[in-house]
Amino acid sequence: MAKKLVTLTVNGETHELAVEPRELLIYVLREKLRLTGPHVGCETSHCGACTVDLNGKSVKSCTVLAAQADGAEITTIEGIGKPDALHVLQEMFREHHGLQCGFCTPGMITRAYRLLQENPTPTEEEVRFGISGNLCRCTGYQNIVKSILAAAEQMNAMKEAAE
Amino acid sequence: MKDLDEREERRSALKGLGCSRKRVEDVRFTQGKGHYVDDISMPGMLHGDFVRSPYAHARVVSIDASKALALPGVVAVLTAKDLEPLSLHWMPTLAGDKQMVLADGKVLFQGQEVAFVVAKDRYIAADAVELVEVEYEELPVLVDPFEALQSDVVLREDIKDAKEGAHGPRKHHNHIFTWEEGNAEATEQAIGAAEVVAEEMIYYHRTHPCPLEPCGTVASMDKVNGKLTIWGTFQAPHVVRTVASLLSGIEEHNIRVVSPDIGGGFGNKVGVYPGYVCAIVASIVTGVPVKWIEDRMENLMATAFARDYWMKGRIAATKEGKITALDVHVTADHGAFDACADPTKFPAGFFHIVTGSYDIPVAHVAVDGVYTNKAPGGVAYRCSFRVTEAAYCIERMIEVLAIELGMDAAELRRINFIKKEQFPYQSALGWEYDSGDYHTAWDKALKAVDYEGLRKEQAERVEAFKRGETRKLLGIGLTHFTEIVGAGPVKNCDILGMGMFDSCEIRIHPTGSAIARLGTISQGQGHATTFAQILASEIGLSADSITIEEGDTDTAPYGLGTYGSRSTPVAGAATAMAGRKIRAKAQMIAAYLLEVHDDDLEWDVDRFVVKGAPERFKTMKDIAYAAYNQAIPGLEPGLEAVSYYDPPNMTYPFGAYICVMEVDVDTGEWEVRQFYALDDCGTRINPMVIEGQVHGGVTEALAIAMGQEIAYDEMGNCKTGTLMDFYLPTAWETPNYTTDFTETPSPHHPIGAKGVGESPNVGGVPAFSNAVHDAFRAFGLRQSHMPHDHWRIWKIAQSLGLHQ
Ligand code: FES
Ligand code: FES
C-alpha cells in the first residue's frame, strides 16, 4: 500500500513518518513512536484506554487514522508529567487510590487533563459525565472521581497562589 | 508513656499491617510506564491472528489457505492438520476435558479458532485472515442445556460413546458429569415433613469477566540456547510453564514464563487459550518471537465465560421461619468444551457453600454439566469457584421463603444465622467454616441504613403509588453472604494435579533492605504494596525497603497463582511464615551479638531487646549487616528464607450488603440511591486497598445484575460481542458506595487475614437483584431472572399489571 508522509508533533517533539493510509493513530503512537502509555482495550471507541489529546481535544486514538492527524499537536500520558515533575493529576490518582491494574489510567488521566481545562471547577456530576467515555473495570470510579476533584482543587489553589 | 509513643512511632515507620499505605505500583502506572504484554516488541517479531468460525455448529469441509499464503508478508497459516503431528491440535482443559486448539473436522461454537495466520505485522495478519477460504456444512445448533440433554444431535463426536467422563458416569452424549454433595434422602425427608416449602428456579445468566486488557502472549523460542520464553496475560504463570513443558516436551527448566503487568484478570486469565498454544508453536517452528493479542470481540466471544447456572432450589422451614432443609439441583451450561477453572476434585467448584450464612441441618446439591454450542469456560469471574452462583441462589431462596412465610427478609436471615459460638461450624454440605460473627455484622448494617425507616418509607411509597401519586417504587436489597476462599488445602485442592499451596522467598540484603518473591501475580490488587506490609510487620524492616516480585518463573518460587481470592490467604500466609523464619535466625544472631542466650531476648517491633534491659538491643538492620559480615559460630552466613504454605483450611470472609434502589415502573429505569457494604475479611492489611477492592467488585456486581450478559440467539450467534452490547457501567451510572467493616480474624491464618477481592461481587449481585425484586414484592413478584436491564424491569411491571 502506498504510504503517506505525515507530520505529528507528539509531546512537543515533531516526527515525520511514512504511514499506510489505513494505519490507526494508536498503533503509530504505540508501535512506531514506542509511546505505550495509551492502551488498546476495544478498538471500537467504547473504552477510552487509547485516549490522547489531539489539538486540544480528547480523542480516542483507536478511531483516528494517523493520516487524519497530519499536522496535529498530540499529547499522550508520557507528555503530561515527568518523573521528577509529576502532574497534579498523577499525584492525586496515587494519593486517592484512583487506579488498580493501571490499564485505563493513562487514558483516564489524559481525559481528566483536558476536562479540567474545559472546566476547571467541575462538580462531581460534571466529572462523572466528563469521563463517561472512559471505562474502568477495577475501581468502580469512586476514587477516580475523588482524585480528579482533588486535583482540580489543588490546581485552582496553585493558580490562586500564583496570582 | 514516652516508651509507648516511641514504640508506636517505630511501628508506624514500618508501614506494616493496618496502614493505608499508598501503592508503589502507581508511580509507573500513572506515568504510562506500566509494562503490559502488548507493549513488548522484539526484533523480527511476527503477529498471529485467527480465522474464526461464523457458525455455532458446522462441519469443516475444507480450508484453503493458498490466497492468504500468497499475500506478501504472510509467513504461515496453521490448521489442525499442522498441529496434529505434534499432538497439539487438541489440548487438555483445566476441568479434565480436552479442547480443540484449531478446528478438527468441525466447529462447536461461534468464534471458534479455525486457522492461525502468522504475518509480519498485525495489519497483514488481519488481511490474510480474510483470504483464508473455509467451507462449512452447517449442523443443528443446541443453545439450550435442557434441550441439549434430550437431543439426538451429538455435539462432541470425539467422546460420543464415552460412558465415563473426567468426573464419573455420563447420562447422555451431551452430558458432562453429575456431581453431588450432602444427604439426598434426609433432605427429601425433611422437605416432605416441612410446614412450609418454597421452590424456585433461579437462573444466574452467562456473563464474562471482560478485563480492560484482553488476553495475549508473546512467545519467543531461542533456538541457539534451546530456551523458550513466554510472556502473557497469565494469572497462574507457574502452571502455564508446567503445562507448556508437558505439552511441548521441552524440559521445564528451559521454559521461562513471565506475567508482566496485567490489565485486570477477574478469572479471564486463568485458563490456557488456543492463541497461546498457536503462538508458541509458531515461534518454535519459525525461531522468531510471535505475538498474539486478541481483540475485544474475540475476548468476549471465545475466551472463558462465567456462570450460566440454572439452579432449581427447594427450601423448607417451620412456620416460624426456622429453615429445616435445602435442596438445589443445577443444570450447568459449560459450552462446547468443559473448560471450567475449578480445583480438580470439584467440577462445580465450591458450589456447596450454598447453605450460605445459615444453620441448615440437612442439605443436598446435585449439579449436571452439559455441553452446548456456546463458548467454553465456566471461570470464576471475581469469584472463588462458583461461590457467586451459590450465594446468589441462597440469597434469592431466602427472599422467596420470606414471601412464602409473609415474613420480613432481614428477620428471617437473623433467626437462621449460624451463631458466633457455633464456629468452627460444620455445614451440612461438608465445609468447616473457620470463624464468623454474623449477627453483629447484620445488626450494624441494618442500623447504618436505618432499616426500619426504609421499610416505612417503602410502605408509604407503595400507598402513594396506588393512589397514583408516583410512578417510582422503592426496593431494599438485602444480602448476607459467606465466601469460601484461599484454595486450598493440598489434600483436596489441586489444579491438573498440582497442589494449591503458595510460596514466598525472602532475601534480606546486608544494609537492611529486602526482596521477596511470591508464586502469585497481581492484576491490580496491589501485591507489591500489601505483601511488603505483611512482611514489614513480621521482620521489622520498613515496607518501603522491601521489593516484592512476582510473575517470572525463572526467579519466583513455584506457586499456583492469583484467583479465587487466594493470594492473601495462601501467599500472604507464606509471606508471614517465611518472615518468621527470618526472625528466628535473626534472634540467634542478635543473641550472639548481645552475648546473651536466645531465650533472654524478646521481639520489639523492629528489634530484639534483652529482657529487662531495653537499652540493650539489636535492630533488624544491625542483624542483617552482621548476618553477612560477621563470622558467627554454628551459623551459616546470610539471611534468607523460603516458605511453601499449605493452608490447613479455607478462610470464610463474610459481609452484609444493602442496596436501596428506585425503580421507574414505566421506563424500567433504576437508580441506586444508597449502597452499603460491610465486609469482614479478618485482619485488615491495607484499608485503602480493601476499600478499592470493594468499590470495584460492587461495580462489577452492578454490571452483572443490571445488564451484563453473554447472550446467544437460537442459531448460536453471540449477540453481545462488543462493548456496544456488553454492558460495562460508566462513571455516570455507577453510584457511590459506603464501605464498613467488622474484623473477625481467621483462627488458622498466621495473621488472621481472609481475603477480600471477590466478596463484593459475591455479595453485590444478590443485593442489587434483591432490590429489584423487593421493589415489586408488594405487587406479587417472586422471581425474575437477571440481568435486570430496563427492558426486563419494564416487563416485570407489565406482567404485574402496573402499567396504565
Ligand atoms: S481502544 Fe480506543 S476506545 Fe477502546
Ligand atoms: S484500573 Fe484497571 S481498568 Fe481501571
Side-chain angles (χ1 to χ4, degrees), chain A residues 1 20 22-23 27 30-31 34-47 49 76-78 80-83 86-87 89-91 93-95 97-106 109-110 124-125 127-145, chain B residues 20 22-23 25-36 38-39 41 121-123 209-214 261-266 293 295-297 522-526 688-689 691-700 702-703 722-724 728-737 760:
Chain A
M1 226 171 275
E20 284 186 30
R22 63 174 176 175
E23 243 173 290
Y27 290 117
R30 286 178 51 82
E31 291 175 0
R34 296 299 301 149
L35 294 167
T36 54
H39 297 136
V40 181
C42 69
E43 288 180 300
T44 51
S45 292
H46 291 103
C47 77
T76 68
I77 184 70
E78 289 91 342
I80 285 180
K82 289 272 162 273
L86 290 182
H87 192 275
L89 275 163
Q90 292 169 315
E91 279 168 358
F93 266 66
R94 177 157 192 246
E95 184 63 31
H97 192 27
L99 63 148
Q100 290 180 28
C101 79
F103 201 74
C104 70
T105 312
I109 292 181
T110 308
E124 175 176 344
E125 282 226 319
V127 170
R128 285 186 175 271
F129 190 74
I131 61 166
S132 61
N134 291 65
L135 298 174
C136 173
R137 288 291 286 145
C138 301
T139 64
Y141 305 105
Q142 194 159 328
N143 290 341
I144 291 181
V145 174
Chain B
S20 282
K22 303 298 170 217
R23 300 197 332 159
E25 299 83 343
D26 295 356
V27 177
R28 66 175 187 280
F29 290 152
T30 52
Q31 296 180 67
K33 295 294 181 197
H35 190 58
Y36 303 88
D38 199 17
D39 299 341
S41 173
D121 71 38
R122 61 175 86 228
Y123 285 87
C210 192
L212 201 59
E213 175 203 37
D261 287 326
I262 296 184
F266 316 123
I293 305 288
D295 65 26
R296 178 57 57 194
M297 201 183 272
S522 185
Q523 307 123 43
Q525 295 90 337
M688 176 192 84
V689 168
E691 190 192 64
Q693 288 285 316
V694 174
H695 288 173
V698 179
T699 306
E700 289 193 337
L702 171 85
T722 73
L723 297 186
M724 182 76 132
L728 300 184
T730 72
W732 183 241
E733 69 265 41
T734 304
N736 281 316
Y737 310 109

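Numbers restart at 1 for each chain; the letters A, B, ... are given by sequence-line order, proteins then strands. Every heavy atom of this structure was used, including side-chain atoms; hydrogens, water molecules and symmetry mates were not.
For A:Q90, the parts lying near chain B are the backbone and the side chain together; criterion is any non-hydrogen pair under 4.5 Å. Using a 4.5 Å cut-off between heavy atoms, B:I262 touches chain A through its backbone atoms (N, CA, C, O) alone. If you measure heavy-atom distances from A:P83 to chain B, the contacts under 4.5 Å come from both the backbone and the side chain. Neither the backbone nor the side chain of A:I144 has a heavy atom closer than 4.5 Å to any heavy atom of chain B. Interface remark: A:E95 contributes backbone and side-chain atoms alike to the contact with chain B (heavy atom separation under 4.5 Å). With a 4.5 angstrom heavy-atom cutoff, A:E31 touches chain B only via side-chain atoms. In this structure, the portion of A:I109 lying under 4.5 Å from any heavy atom of chain B is its side chain and not its backbone. A:Y141 touches chain B through its side chain: at least one heavy atom from C-beta onward sits under 4.5 Å away, while N, CA, C and O do not. Interface remark: A:S132 contributes backbone and side-chain atoms alike to the contact with chain B (heavy atom separation under 4.5 Å).
The line from CZ of A:R94 to CG of A:L89 is 15.5 Å long, rounded to the nearest 0.5 Å.
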For A:R137 and B:E700: C-alpha separation, side-chain torsions, deciding distance, then whether salt bridge (Lys or Arg N to Asp or Glu O under 4.0 Å) applies. CA-CA 7 Å; A:R137 288 291 286 145; B:E700 289 193 337; 3.5 Å; yes
In sequence, state the C-alpha distance, the side-chain angles, and the governing distance for A:Y27 and A:E20, and then conclude on side-chain contact (heavy atoms from CB on, under 4.5 Å). CA-CA 11 Å; A:Y27 290 117; A:E20 284 186 30; over 6 Å; no
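Using a 3.5 Å distance cut-off with no hydrogens or angles, the side chains of A:Q142 and A:T139 do not pair a donor with an acceptor. In summary, the side chains of B:Y737 and B:T699 do present a donor paired with an acceptor at a separation below 3.5 Å, with no hydrogens or angles considered.
Each of B:A703, B:G34, B:S41, B:S20 has some count of heavy-atom pairs under 4.5 Å with chain A, and the biggest count is that of B:S41. Counting heavy-atom pairs closer than 4.5 Å to chain A, the top residue among B:M724, B:E25, B:M297, B:K33 is B:M724. Between chain A and the residues B:V689, B:I293, B:T722, B:V698, the most heavy-atom pairs under 4.5 angstrom are made by B:V689. Top candidate by heavy-atom pairs under 4.5 Å with chain B, chosen from A:H39, A:H87, A:E43, is A:H39. Residue with the most contacts toward chain A among B:E691, B:E733, B:M688: B:M688 (heavy-atom pairs, distance under 4.5 Å). Most heavy-atom pairs under 4.5 Å with chain A, from the set B:G524, B:A731, B:G696, B:G32: that is B:A731. The candidate from A:I77, A:T76, A:L99, A:N143 with the greatest count of non-hydrogen atom pairs under 4.5 Å with chain B is A:L99. Top candidate by heavy-atom pairs under 4.5 Å with chain B, chosen from A:G41, A:G37, A:C47, A:P38, is A:G41. In terms of heavy-atom pairs under 4.5 Å with chain A, the best-connected choice from B:P760, B:G265, B:P729, B:P735 is B:P729.
When each of B:K22, B:R28, B:R23 is tested with B:D26 by the rule side chain to side chain donor-acceptor pair (under 3.5 Å), just one qualifies, namely B:R23.
For B:D39 and A:R30, the salt-bridge test passes: some basic side-chain N is under 4.0 Å from an acidic carboxylate O.
Residues A:C136 and A:I131 fail the side-chain proximity criterion, which asks for heavy atoms closer than 4.5 Å.
The closest donor-acceptor contact from the side chain of B:D261 to the backbone of B:H35 lies under 3.5 Å. A donor-acceptor pair under 3.5 Å is absent between the side-chain atoms of B:Q523 and the main chain of A:Q100, judged by distance alone.
Heavy-atom neighbours of B:Y123 OH from other residues, nucleotides or ligands within 6.0 Å: above the threshold of 12.
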